[in-house]
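The structure under discussion appears below in the form of structure tokens.
In what follows, every chain begins at residue 1, and chains take the letters A, B, ... in the order their sequences are listed.
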Amino acid sequence: MSQAFRVPGHGRVDPARTVSFTFDGRRFQGQAGDTLASALLANGHHLMGRSFKYHRPRGAVSAGSDEPNALVAVGSGPALQTPNLRATQVELYEGLTAVSQNRFPSLKFDLGAVNTLAAPLLPAGFYYKTFMWPRSFWDRVYEPVIRRAAGLGVAPTAPDPDHYAFQYAHCDVLVAGAGPAGLAAALAAGRAGARVILAEETAEAGGSLLSDRTSRIDGRPAALWVADILAELAGLPNVRVLTRCTAFNYGPHNMVALNQRLSDHLADPAPDMPRERLWQVRAQEVVLAAGALERPLVFEGNDRPGVMLASAARTYLNRYGVACGRRAVIVTADDSAYRVALDLHAAGVTVAAIADLRPAPDSALVRAAQEAGLTVLPGTTVQRAHGGTRVHGVELARLLPDGSVGKGRHWRADLVLMSGGYTPSVHLFSQSRGKLVFDAELGVYVPGEPAERTRSAGACRGVYALACVLADGAAAGVAAAGAAGFAADAPAWTVDAADEPGRGGYAGALPRRGKGLLAMAFVDFQNDVTAKDVKLAVREGFQSIEHIKRYTTTGMATDQGKMSNVNALGIAADALGRPVEKVGLTTFRPPFTPVTFGAFASHARGDLFDPDRRTPIDPWARAQGAVFEDVGLWRRARYFPRGSEDMEAAVRRECLAVRGGVGIFDASTLGKIEVVGPDAATFMNRMYVNAWTKLGVGRCRYGLMCRENGFVYDDGVVGRIAQDRFHVTTTTGGAPGVLALMEDYLQTEWPELDVWLTSTTEEWAVIALQGPSARAVLAPLVDGLDISAEALPHMSLAEGTIGGVPMRLFRVSFTGELGFEINVPARHGRAVWQAIWDAGQGVGITPYGTETMHVLRAEKGYIIVGQETDGTATPDDAGCGWAVSKAKADFVGKRSLALPAMQAPDRKQLVGLLTEAAWEVLEEGAQLVARPDEAIPMRVLGHVTSSYFSATLGRSIALAMVSGGRARVGETLYVPMEGRTIAVTVTKPVFYDVEGARLNV
Amino acid sequence: MLLIRCPYCGERSEIEFANGGEAHIARPADPMSRTDEEWAQYLYMRDNPKGLIAERWRHAHGCNRFFNALRDTRTDRFVMTYEMGRPRPEIDAATAAEAAR
Ligand SMILES: [Zn+2]
């Protein structure tokens, strides 16, 4: 009985191309052009999912992106399955595999459905109320059970194998939605020469016209008119039509995000094809032509499979050639459902009755239905739908003049269609911060004053009749093009359509007879929110619609109020005894429909997640087997293991090699700024705490920089290259911030200073050569430059060449040993490194990484900004008070350092710590207290900032920031750890060569 | 994403810029002559208005120049941008109302 509900001669699917697919393991057949939902319905299969909370059997209620029920997972395998797709949007392809969600063990027989019996225990606010029970109850009982029972699909467990594209675009006019209004707008603007992007959510442009078999435009069937317009648009080079492309976010200044799905509809996409593309479109002008969504009616059992929106049945019939049932009952408050009835009737579906909530419906359409012999029941409501996994009947009842409901009568039906009128899709307009206004005649919110350069056209602003929609769209296109600077004429078409849809409508729960029903009358199908829940929320004191939304969860998550909003509002207004427009409206949040994480991440994953900065020496270090670490965006060699060495062993060997011979270290990542100009020294005096005027050319000085608040911001050695030129170095991570801070003062506070700042970080490769043998290795290489202790003492610099390569040679040390930092143009870095490496072979030159660098400097008590300091340390706190000039009248931070709090004796100060056991290495970040039996909450005196095992000293060392620390030298403090306490002795922070004899050689 | 007009480069995307906090707060010429209270006022106290704010921006990924902007903090609408050193422009009521819209 394959595709028994397919209607020959109807729909836009290809009858010649049959497509096989599986749903929950069962094989089905559909036609090319089907969605998963239309193909299942063609096979008479309505049951597509289980509901979120009660596990109610559910079928497709709509035919588009507003579908709340038919959520499926498509694909197979741990990485390739995509959950939470709407079957109404999933395009069919050969071999498609889909499974339903939220059911156990099977869709037809679901154990979770027992939740329905427990419904009285799961009212609105259930989760919040449960939170107030004993906490342990929540952890052990409720959460595990609820997590398994409630929920949507399952996230893939393996990395996403697909790739995703990203594109910025600019246009004069962006049109969101390619229904009749959008097509007319795009054509009007396109003909005027404006650059137009037309984005359409579905696979095919045309919108409602693709489901319309009766309207004629300029004498042509509507669908052929669509083809004409698309052909003309295709011929305009300034117009781009994007299908399968959803405008989902309307950001500030007309930046609209589009999500284009490129390969999901293909059985066998090319391997290099991106799966989706995220567009960020900056539009001069925007036309919103998002259409309107039909509202369901709220009555008992309105969620039974086979209960659908009337417009959906029309779409399935006319666009996909599928009859959703054999015998239909239609319940409506709007004329549009009569067109559906006539179409179904003409296609051979029995329309048993049309129950109209309005007391005396009368229009050409109503009369046409009566003339066709259809039973029209005015002033009639539906009491409930009967059925389990499929509806099999409804109870219809008269609405009596006094407002009550008369005796019901049972009508047999396998299809129940509901039409509560239309709700304009104002999501994007609302996201753009446009104001919504209540249209009392239509009973819905429509766009009012826009906040952006945008305009709405057609059904999304409550214009429904086709002739008006086309004219409205054309006018919007003309207006948008005109505002973007293109004079346009509005195209005009003659429309032959008698339909006047959308003038009626109903908001809220349908009237009912007696009590006891409405427990399972759904307002929000996706979140399983019933009319009773909304009423309960009001009864429990919630007045604001935003609070009601959060308490009941109506309109939350992916629904974003598409289907539920107006009905929830109607029920709340009724319960509050206030008119709808006084209740307010909840916020429409992006995205309009869900977007995959892959699309948002696009190329920014794996190696492309962040830029990877590498030094010129990096390939050499890799070849040597270095282990790397990330420092900011830089990749730095951490240590160079030999053989089977672990980090600890490698670092010990590297440390001893530097202290005993010579080590070579890649310091290229140091930030470098060239400060040049007649006022360079004045500028340096103001930016740094040190004094610079008297620093001679060819000399270096340790520079310390504070922010205006007096706290240490950065440090580094500064060399004076010439009277008007400083070579400033910064920490590896601090370079951009230091340059920005310098620019800030230079541009905004002292524009009169004649100084130029240039970032030179990447211009120089820096090779640190450290250890007692450093001079012996370097001297033969520097082309005759005298680097003796007399000619080039500690903290001096010389310019020269090394192997013919221009060089700035700094005699500086971050290890406490005789040391040089060789700066050469980056492109020569690798060659110079190699030359030094070769020259050092005779004395056992050893490459070392950042870990050894850290240990060596800690042995000398040299701070690392950001490790010893944390943004609350003054220069004096960090043991660098000696660097602060007393003579200067002003520098950045000076006034703050004079504040009393900055000189309090109990400030945390840099000290050293020694453990009793030489082998014991403290944990960095460990806290320090005064007594071994300190009671909780402990009074913390400070914390460990750096801690290592020192191979040089044969014991552990640590640096710490301790309250009043310098006065505590010699004291014993305690480090409380898990299960034990470690005693430490406070020392001065320099552990090795205190007098600096090794530097001055 | 906001569109911001750099006075030197023209309109560019927000991601090219860094916000530099409230504008027209001059560093005192002689900080040491200020009382602690005056200094704290300069250092820490900011207006944080609901409405028009004059603030500094830096075209960090462009010309790297600082400039000032008038922006409505409620709507993120920019009324104008202008060079450093110029006084805060006077804005008429209609322009302010448009920015607040
Ligand atoms: Zn610029």
Q. Based on non-hydrogen pairs under 4.5 Å, which of B:T75, B:N64, B:D30 is most in contact with chain A?
A. B:T75
Q: For B:W39 and A:S896, work out which heavy atoms get closest and say how close.
A: NE1-OG, 2.8 Å
Q. Counting heavy-atom pairs under 4.5 Å to chain B, which of A:E708, A:E743, A:K435, A:M255 comes out on top?
A. A:E708
Q: State the CE-NZ distance between B:M32 and A:K888, to the nearest 0.5 angstrom.
A: 12.5 Å
Q) Which one, A:N709, A:D744, A:L899, leads in non-hydrogen pairs under 4.5 Å with chain B? A) A:D744
Q | More than 12 heavy atoms from other groups under 6.0 Å of OH on B:Y44 | A | yes
Q. Is the shortest heavy-atom distance from the side chain of A:D890 to the side chain of B:R27 under 4.5 Å?
A. yes
Q. Side chain, backbone, both or neither: which part of B:R56 has an atom under 4.5 Å from a heavy atom of chain A?
A. side chain
Q) Is there a donor-acceptor pair under 3.5 Å between the side chain of A:R895 and the backbone N or O of B:R34? A) yes
Q: Among the options A:A898, A:A740, A:A257, pick out the one with the most heavy-atom pairs lying under 4.5 Å from chain B.
A: A:A740
Q) Do B:E14 and A:H253 come close enough that some side-chain heavy atom pair is under 4.5 Å? A) no
Q | Structural part of B:S33 lying under 4.5 Å from a heavy atom of chain A | A | neither
Q. Do A:Q747 and B:F67 come close enough that some side-chain heavy atom pair is under 4.5 Å?
A. no
Q | chain B contact via A:Y250 - which portion, at a heavy-atom distance below 4.5 Å | A | neither
Q. Is it the side chain or the backbone of B:D76 that comes within 4.5 Å of chain A heavy atoms, both, or neither?
A. backbone
Q: Report the distance from atom CD1 of B:I15 to atom CD of A:Q280, rounding to the nearest 0.5 Å.
A: 9.0 Å
Q. Chain A heavy atoms under 4.5 Å from B:I4: which part of the residue, side chain, backbone, both or neither?
A. neither
Q: Name the region of B:L43, side chain, backbone, both or neither, that has any atom closer than 4.5 Å to a heavy atom of chain A.
A: side chain
Q) Distance from B:R77 atom CZ to A:E452 atom CD, nearest 0.5 Å? A) 6.0 Å
